[in-house]
Protein chains: 2
Amino acid sequence: MRTRTGSSPTIETIARHAGVSTASVSRVLRGLGGLPETVKKVQAAAAELGYVPNAMARSLRGGQSRQVTFAMPDIGNPVYVAMMRHIQATAGAAGYRLLLHSTQADPVEELAALRALADRHSDGLILCPIRVTPAHLDELGRAAAPVVVIGSLPEDLAVDSVRADSVTGAELAVRHLADTGRRRIGLLNGPADTVPGAARHQGYERALAACGLRYDDALTASGRFDAQSGEEAARRLLDRVPDLDALFCANDLIAVGALRALRSTGRTVPQDVAVVGVDNTDLAEACWPALTSVDLGAHERGRLAAELLLSRLGDEVQAPVSRLAVQPRLIVRESCGASAAHADQVGGPSQHKEIP
Amino acid sequence: MRTRTGSSPTIETIARHAGVSTASVSRVLRGLGGLPETVKKVQAAAAELGYVPNAMARSLRGGQSRQVTFAMPDIGNPVYVAMMRHIQATAGAAGYRLLLHSTQADPVEELAALRALADRHSDGLILCPIRVTPAHLDELGRAAAPVVVIGSLPEDLAVDSVRADSVTGAELAVRHLADTGRRRIGLLNGPADTVPGAARHQGYERALAACGLRYDDALTASGRFDAQSGEEAARRLLDRVPDLDALFCANDLIAVGALRALRSTGRTVPQDVAVVGVDNTDLAEACWPALTSVDLGAHERGRLAAELLLSRLGDEVQAPVSRLAVQPRLIVRESCGASAAHADQVGGPSQHKEIP
DNA sequence: TTGAAAGCGCTAACAG
DNA sequence: CTGTTAGCGCTTTCAA
């Protein structure tokens, strides 16, 4: 085993060892020219001393950190984990490291993530804002590095974004419920004043109209975007409107809570009440009855956001602002009337029907 | 709105602006002394120009990046997300940023994460190895920065670690099954040659012995640590041993797959077959029947690992190696015979019995 | 092709 | 208390 001096070798150590200049070491190590003789000496010295270039020095010199940040509201929500996985894959493949910033759905934290770009520790940011306040617009406008927002933004803001078509997604769900004979369709929403919350509500309302069903405030309830809140909201709603025959839930977590509430109030899913979630997370397949869910393309959004950010980082010239939208698909599973018998007869996992 | 020059102001910009030296700027901005007059001028200039110190320069100078890395096998597994959440909270509170490295359960990737410490982009690493090969031991020995391993390590390796007592956890589960009258208890394991896989197997075998039940290879099956694999393994096992009355699953994902297999082969849980998972992830409460699960203290492990790493980073002196172990608890839910009636009568979420 | 030298932006002696 | 100065480790002109 080789001797370990206290501190790691620098480019100068290698230079001395190889009898060349630091400039030559730098060149050789990055594959730029060099006399075969020189190259060999440098490589030998580097190998022998176990030299690895210092990333911080390189970043300072080069003006870029080769790191990107993903800031999202709640790491406990599998939909963000799905995004993260694809962001990490895309960024990693391009040689970028991934920094995580969990904002706790706190706008202050979101702004902090934006402002943190000023210290140049990160070359760019992918942000999932839960709300878009004037302060957000302001900070987005003056961000010190490229930002891609996953979510909807005002038209006139010159910031790249990737959004789900949440309204259409909600429509898909509600329409499917109506088409399969449901008439008293409730909405279990997250905070109505958040971007996703507002979108779900809008889609719900619009779809009802399209199906000739009347919108009724009494059929809606809102809370947080988690299972416990979903369960509580479902109980409240069911108390108030016992004859509901379907629940459209703003995400899968809420839907899982709703399933619990339904079960504990003696209702059968989907016979008595059909349930649809949103995000098509792993939870949808894990719960029972397996959850019909609107896939808003979290994977796709993560990948696209990362690609957008990377291309922005690579660009010399200012490419025009991109505003991507991914199409939702409805994944029909048992919670929504696909007969259990049908599901039972198949061997493999992941049986579902897809409505694009 | 203030004018935006192309590049951000440096400490020198501020110095000129305030009519002082860069050293004074540095001092003032870090709260070290200064004449009130000077302080005011500097702060004014910094505020006016929107100055933020460059993190890379600071890191290079200071010899530390104020970043730590968490490397884990599979970000799709909620147990790692749980760890991550607490690592992020602990590290974040101490002013460290969190880098993510998903290793895909690939030993090569794990080694890469270890070696990457050499470039000093990260001050320390929390590693969840899925396997510990001789190469791991070697790299752990020569790591360029402090490492904390979440998992078991050979006694003679001088590396901090936090482990779950997975063997005791398995015993808790199997013993509970035996105590509640189960006699044909199967094991659905992940890869047997991984650290967690081996531990689950060992605990299973040991608990059977303690309960006077005979170990039988035919009652075990193994695959990967995910739901699909769990479902397939469960099918194989049930085909082979139709009269199983309990399944001990190596993690919650496998257990979820097992629930699916049981349902689709017409068995009722827990009446026909009781099921226990491991990790007590959110999944355990999401599925139905709610899953009895061994809580191996993922939160605790994440927090402790982060604290260990941070204290190691702060230490001037070499503190002795820490080897922490967290105690498992069995969280009993419906999949294991807690009567559904009992669960139904309660209003709130998270009803369960806890066996420490 | 190679080496000398000038920084990237910051902090920390060390004098004054 | 403040300014001068010397780097942290690297890349990159610019000459030779």
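Residue numbering restarts at 1 for every chain, and letters A, B, ... go by the order of the sequence lines. Heavy atoms only: backbone and side chains are in, while hydrogens, waters and symmetry mates are out.
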Could you tell me the separation between the CD atom of Q64(B) and the P atom of dG9(D), rounded to a whole number of Å?
14 Å
Select one nucleotide: of dT5(D), dC10(D), dG3(D), the one nearest the side-chain heavy atoms of T10(A).
dC10(D)
Using whole Å, what does the distance between atom P of nucleotide dA6(D) and atom CD of E12(A) come to?
16 Å
I want to confirm an ordering. Mapping V28(B) and S26(A) to their closest nucleotides on DNA chain D, which one lands closer to the 5' end?
V28(B)
For G34(A), report the nucleic acid contact type (base, sugar-phosphate, nothing); a contact means any heavy atom under 4.0 Å.
sugar-phosphate
Between dT2(D) (C1') and L32(B) (CG): distance, integer Å:
13 Å
Here the distance between atom C1' of dC10(C) and atom CZ of R30(B), to the nearest Å, is 9 Å
Okay, side chain of S26(A), backbone of T22(A): is any donor-acceptor separation there less than 3.5 Å?
no
Could you please spell out the steps behind the side chain to side chain contact (heavy atoms under 4.5 Å, CB included) verdict for L114(A) and L140(A)?
CA-CA 7 Å; L114(A) 237 17; L140(A) 282 167; 4.0 Å; yes
Gap between atoms CG and P, on L60(B) and dC8(D) respectively (whole Å):
9 Å
How many whole angstroms separate atom CE of M56(B) from atom P of dC8(C)?
17 Å
Is there a donor-acceptor pair closer than 3.5 Å between any side-chain N or O of R30(B) and the backbone N or O of V25(B)?
no
Once you apply a heavy-atom cut-off of 4.0 Å, does L35(B) come out as touching a base, just sugar-phosphate, or nothing?
sugar-phosphate
Could you please name the option among dC10(D), dG9(C), dT2(D) that lies closest to any side-chain atom of S24(B)?
dT2(D)
Distance, rounded to the nearest Å, where H121(B) contributes NE2 and dG9(D) contributes C1':
17 Å
For G33(A) versus V39(A), what's the shortest heavy-atom pair and its separation?
O-CG2, 4.0 Å
Between dC1(D), dT5(D), dA5(C), which one does the side chain of T38(B) approach most closely?
dC1(D)
Output the rounded distance in Å from NZ (K41(A)) to P (dT1(C)).
15 Å
Mark yes or no for a side-chain to base donor-acceptor pair under 3.5 Å between R27(B) and dG3(D), with no hydrogen or angle criteria applied.
yes
Quick check for you: among dC10(C), dT1(C), dC10(D), whose closest atom lies nearest to any side-chain atom of N54(A)?
dC10(D)
Which heavy atom of A306(B) sits nearest to which heavy atom of I87(B), and what is that distance?
CB-CA, 4.1 Å
Looking only at dA4(C), dC10(D), dG3(D), the nucleotide nearest the P53(A) side chain is dC10(D)
